[in-house]
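Read the structure below first, then the notes.
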Amino acid sequence: MPEILEAEQARALVAAAALDREIASVHAPDAWFCKRGATPTGVRRALTGRTLTEARRRGKLLLVDTSADGPVLGLHLGMSGRILVDGDGAGDPLLYASNRDEPAWRRFGLRFADGGTLYLRDPRRLGAVELDPDEDRLGPDALTLTRARLAAVVTPSAAPVKAVLMDQSRIAGLGNLLTDEALWRAGIDPARPARTLGPDDVAGLHRAIRSTLRTLGRRGGSHTGDHMPGRVPGAVCPRDGAPMLRRTVGGRTTYSCPVHQH
DNA sequence: GATGACCTGTGA
DNA sequence: TCACAGGTCATC
């Protein structure tokens, strides 16, 4: 569930509440959760005594700079992760993930010298902590996606347009729900080969992505879309009342309207 | 580019 | 008891 909107909320929370506080200790109980070469010991050594200086984001990946030429702390929310600072959270309240404060779900955390804390709580354990992440493994951020860039990504690909939009190396930040919402808004069939989209389709899709991110961002998250009521078996299209089509496209469960999406 | 595995809470 | 949710990575 955490897609770009939830990651942005988490980034804003870290920026507002967790910067410039000395890290007294690091809670890294789960070696499996440390990815791409990071280890609990390594992370502990790298962060203890430093402060967080800036919170950035690329797609769904949180990037936190640290003081004194320290490493960049990379945090990924996976599918059920949430950031909590001093016990207060930001991001996806609970759609698939429980909101209980189960200590075992604190996969990673910082205790500050002032007594406060930052935690990454992730019941399903699919998030990640890494050091100095390779930011270029991700494409340009979806929140600043230009129409030209979208066209450059969509035009050459024979894959379903949904698969292209969700490919993080092409565009970073769009997940299953936001992609379905944007295609539903644009009236484009998720399974349509990307290269069959003409300039008008691309322009419309670009507008739909922007309106999706702006509107759902204001409402509070990826699960607040107009398309959501149609994401239930047996549901009808919220726009025109036609029975929704449920398929797997690009490896993910996909709901679309067979009447207005072509 | 498509598929399955990873992991685990939830709900039927 | 089991299908399903879903981001990402390894493998085909």
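Chain letters run A, B, ... following the sequence lines, proteins first, then strands; residues in each count from 1.
When heavy atoms are screened at a 4.0 angstrom cut-off, A:Arg195 is found touching no nucleic acid atom at all.
Taking side-chain N and O atoms only, A:His76 has no distance below 4.0 Å to OP1 or OP2 of C:dG7. Applying the 4.0 Å criterion to OP1 and OP2 of B:dG9, one finds that A:Ser80 has every side-chain N and O outside that range. Side-chain N/O atoms of A:Thr253 include none lying less than 4.0 angstrom from OP1 or OP2 on C:dC4. One finds no side-chain N or O of A:Lys35 lying less than 4.0 angstrom from the OP1 or OP2 phosphate oxygen of C:dT8. Under 4.0 angstrom from either OP1 or OP2 of B:dT8 there lies no side-chain N or O belonging to A:Arg121. In terms of phosphate contacts, A:Trp32 brings no side-chain nitrogen or oxygen within less than 4.0 Å of OP1 or OP2 of B:dC6. For the OP1/OP2 pair of C:dG6 and a distance below 4.0 Å, the side-chain nitrogens and oxygens of A:Arg125 include no atom meeting the criterion.
More than 12 non-hydrogen atoms from other residues, nucleotides or ligands lie less than 6.0 angstrom from CZ of A:Arg137. At most 12 heavy atoms of other shown residues, nucleotides or ligands fall within 6.0 angstrom of atom CG in A:Asp69. Around CZ of A:Arg210, the count of heavy atoms belonging to other residues, nucleotides or ligands within 6.0 Å does not exceed 12.
As a whole-Å value, the separation of A:Asp122 CG from B:dT8 C1' is 10 Å. For A:Leu126 and C:dA5, the CG to P distance is 14 Å, given to the nearest whole Å. Going from atom CG of A:Asp30 over to atom C1' of B:dT8 covers 13 Å, rounded to whole Å. Atoms CD (A:Glu3) and P (C:dA5) sit 14 Å apart, rounded to a whole Å. For the pair A:Arg192 CZ and B:dG1 C1', the interatomic distance rounds to 19 Å; values are reported in whole Å. When rounded to the nearest whole Å, the span between NZ of A:Lys60 and P of C:dG6 equals 11 Å. Between A:Lys162 atom NZ and C:dG7 atom C1' there is a gap of 13 Å when expressed in whole angstrom units. The separation between A:Leu62 atom CG and C:dG7 atom P is 16 Å, rounded to whole Å.
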All N/O contacts under 3.5 Å from nucleotides 10-12 of chain C to the protein, with atom names and distances to one decimal?
none

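Using a 4.5 Å cut-off on side-chain heavy atoms (C-beta onward), A:Trp105 and A:Arg124 make no contact. With contacts defined as side-chain heavy-atom distances shorter than 4.5 Å, the pair A:Leu62/A:Ile83 qualifies.
The 5' end of DNA chain B is approached more closely, in terms of each residue's nearest nucleotide, by A:Ala159 than by the other of A:Arg252 and A:Ala159.
With values rounded to the nearest 0.5 angstrom, A:Glu3 atom CD is found 10.5 Å from A:Thr212 atom OG1.
Side chain of A:Gln168, nearest nucleotide from B:dT8, C:dT8, B:dA2: C:dT8. Comparing atom distances between the A:Arg231 side chain and each of C:dG6, B:dG1, B:dA2 picks out C:dG6 as nearest.
Partner A:Lys162 forms a side chain to side chain donor-acceptor pair (under 3.5 Å) with one of A:Asp167, A:Asp189, A:Thr254 and no other, that one being A:Thr254.
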*Run the salt bridge (Lys or Arg N to Asp or Glu O under 4.0 Å) check on A:Arg82 and A:Asp122 step by step: do they pass?*
CA-CA 6 Å; A:Arg82 260 189 112 176; A:Asp122 182 10; over 6 Å; no

